[in-house]
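So that the names make sense, note that chain A is the first sequence line, chain B the second, and so on, each numbered from 1.
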There are 2 protein chains.
Amino acid sequence: MSKKIYVHVADDHKIVIEGIIAVINTDDDIEVVDYSLTGTQVTKWFDNRKNKADVLVLDINIPELDGFEVVKHLRKKVNKPKIIIVSSYNDIRIVEEMLKLGCSGYITKNNAGAHIINAIKAVVQGEQYFSSDVQKDMLQKYVNKKEVPHGDAPESFLMETLTDREIEVLRLITQEHNTPEIADKLNVSVSTIETHRKSLLKKLKVKNAVGLAMYAIKYKII
Amino acid sequence: MSKKIYVHVADDHKIVIEGIIAVINTDDDIEVVDYSLTGTQVTKWFDNRKNKADVLVLDINIPELDGFEVVKHLRKKVNKPKIIIVSSYNDIRIVEEMLKLGCSGYITKNNAGAHIINAIKAVVQGEQYFSSDVQKDMLQKYVNKKEVPHGDAPESFLMETLTDREIEVLRLITQEHNTPEIADKLNVSVSTIETHRKSLLKKLKVKNAVGLAMYAIKYKII
DNA sequence: AGTGCAATCCCTGAAAACAGGGATGTAAAA
DNA sequence: TTTTACATCCCTGTTTTCAGGGATTGCACT
């Protein structure tokens with residue numbers, strides 16, 4: 001009846017991939033053609049013009065290139081796959097971010113099994129698909145939309161792009177280094193690192209170094 | 001030939017459970033009888049004397065009661081199952097801790113699929129089983145054993161028990177509160193919180209508040 | 001009755017973090 | 001070409017953290 005759907009799965013944990021494959025194999029219309037354990041594996045796979053898949057099932061938290069980077073890379077391509085994000089947790093700001101980047105679906109790992117097949121079938125039809133818990137949060141956000149302060153800065157703070165240097169400093173902060181140590185490691189003056197710290201505090205809207213560390217962990221900067 | 005082995009699987013992500021089941025189903029000697037998504041589900045299941053399983057495959061990071069609590073609960077029981085830990089990451093100190101608590105195996109999620117069946121068969125025979133990456137780390141640790149400073153304090157820092165108050169302070173630190181704010185919230189003097197902070201730094205062997213936050217996240221204090 | 005531990009409070013002094021400016025060179029983009 | 005963004009550096013001053021002591025109360029266990 002319908003043409004077979006080919007899927008590529010990317011997750012850093014093999015066991016999760018095996019779970020997804022096991023679920024997908026229960027449906028005869030869909031076939032997992034290959035999988036990747038890192039972000040660079042994904043991009044390389046799709047860069048090779050011999051390889052194609054209709055749908056990419058992608059975990060955000062994967063090594064080397066994270067989910068955001070992979071999506072940014074793939075969206076430039078001509079034969080780009082539909083992308084379904086499978087995430088451990090469910091932060092509405094990340095969902096929004098991924099939608100902006102052109103993803104077609106977002107489901108959480110909690111109930112990925114129940115949703116993955118429907119999600120794949122939906123996105124190849126050009127529809128968008130979200131798991132029930134994500135839908136709930138989106139609705140909640142929509143209802144509370146009146147609380148948005150003013151209309152000129154609609155971008156999520158995830159759009160707050162950190163510079164390479166800032167990310168480097170942030171990484172060293174999470175490794176318990178203080179300003180003099182970071183300055184030494186990067187061969188710049190203490191003043192410079194202090195400036196970077198101040199930018200980070202401002203951009204990420206946190207109060208102190210602990211806030212920076214928590215942010216870095218939550219959004220997988222490190 | 002050999003009697004069938006019954007297994008209970010616990011992980012907060014359904015898709016991981018599905019992956020483990022898919023792998024285990026390839027072997028006729030083993031059967032997954034049930035699964036749990038939270039720590040309390042696991043303990044309640046085993047508390048019910050109708051339910052029994054030879055092996056528990058357990059993720060450390062599960063809600064309500066974490067892996068440590070589950071193991072502590074189960075080891076008091078008479079018909080206790082062999083426990084195989086399946087962990088996202090591979091910290092040798094956690095492995096040691098789990099071994100002390102009486103677990104029989106430890107494998108990482110990276111290559112759980114390749115090891116899970118062998119691990120289950122090994123532990124029901126009374127053996128211990130570790131995945132290759134864990135083995136590597138254990139060997140490394142053993143080789144470097146000479147670096148242990150003195151023989152009177154062999155306990156891992158995970159045994160370093162934090163008091164209730166210290167955990168409370170630690171939690172507030174991870175919420176970006178500074179000392180005056182914490183003192184105010186807990187209705188004690190700033191000096192008191194400073195004392196707690198110093199104890200935390202010492203006990204957890206970290207350099208600063210960021211180190212405390214990273215510890216809290218890593219070991220799920222918060 | 002004595003020991004140990006948890007929780008509370010205080011002191012001093014040094015180091016680091018934070019707030020808020022300003023300033024410069026350079027490279028890329030408009 | 002002008003503007004913008006990035007990375008670098010400096011100054012002033014305040015607040016917070018950290019290091020190192022010491023001390024008291026109360027409670028639980030032996």
- Under 4.0 Å between a side-chain N or O of Ser189(B) and OP1 or OP2 of dC9(C)? yes
- Could you walk me through whether Phe130(B) and His115(B) pass ring pair (Phe, Tyr, Trp, His ring centres under 6.0 Å), step by step? CA-CA 8 Å; Phe130(B) 308 96; His115(B) 285 284; over 10 Å; no
- Task: Look at all strands and tell whether Glu166(B) reaches a base, only sugar-phosphate, or nothing, counting heavy atoms closer than 4.0 Å.
- Result: nothing
- Message: Can you see if the side chain of Thr195(A) gets near the phosphate of dC9(D) - specifically, an N or O under 4.0 Å from OP1 or OP2?
- Response: no
- Query: To the nearest angstrom, how far is Glu176(B) atom CD from dT17(D) atom P?
  - Reply: 12 Å
- Query: dA6(C) P sits how many Å from Leu162(B) CG, rounded?
  - Reply: 10 Å
- Item | Value in whole Å for how far the P atom of dT17(D) lies from CG of Leu200(B) | 13 Å
- Rounded to the nearest Å, what distance is computed from the CD1 atom of residue Ile167(A) to the P atom of nucleotide dA5(D)? 17 Å
- Note on the structure: Of the candidates dC18(C), dC9(C), dT17(D), the side chain of Val188(B) sits closest to dC9(C)
- Base dC11(C) to side chain Ser191(B), donor-acceptor N/O within 3.5 Å cut-off: no
- Task: Hey, which sits more toward the 5' end of DNA chain C by its nearest nucleotide, Glu194(B) or Arg165(B)?
- Result: Arg165(B)
- Query: Any salt bridge between Lys207(B) and Glu181(A), counting N to O under 4.0 Å?
  - Reply: yes
- Look at the side-chain N and O atoms of Thr179(B) and state whether any lies under 4.0 Å from the OP1 or OP2 oxygen of dT17(D). yes
- Query: Can we say Arg197(A) and Glu194(A) salt-bridge, meaning some charged N sits less than 4.0 Å from an Asp/Glu carboxylate O?
  - Reply: no
- Decide yes or no on salt bridge (Lys or Arg N to Asp or Glu O under 4.0 Å) for Lys109(A) and Asp11(A), but give the supporting numbers first. CA-CA 11 Å; Lys109(A) 278 191 184 168; Asp11(A) 195 293; 3.3 Å; yes
- Query: What is the distance from CZ of Arg197(A) to C1' of dA15(C), rounded to the nearest Å?
  - Reply: 13 Å
- Please check the phosphate of dC9(C) (OP1 and OP2 only) for any side-chain N or O of Thr192(B) closer than 4.0 Å. yes
- Length of the line joining Leu204(A):CG and dC18(C):P, which is rounded to integer Å: 12 Å
- Rounded off to whole Å, could you give me the CG-to-P distance for the Leu186(A) and dC6(D) pair? 17 Å
- Item | Asn178(B) vs dT16(D): side-chain N/O to OP1/OP2 distance below 4.0 Å | yes
- Closest nucleotide of DNA chain C for His196(B) versus for His177(A): which of these residues is on the 5' side? His196(B)
- Message: By nearest atom, which of the nucleotides dG21(C), dA16(C), dA7(C) is closest to the Pro180(A) side chain?
- Response: dA16(C)
- When rounded to whole Å, the CG to P distance for the pair Leu170(A) and dA7(D) reads 13 Å
- Message: Between Lys203(B) and Glu166(B), does any side-chain N to carboxylate O distance fall below 4.0 Å?
- Response: yes
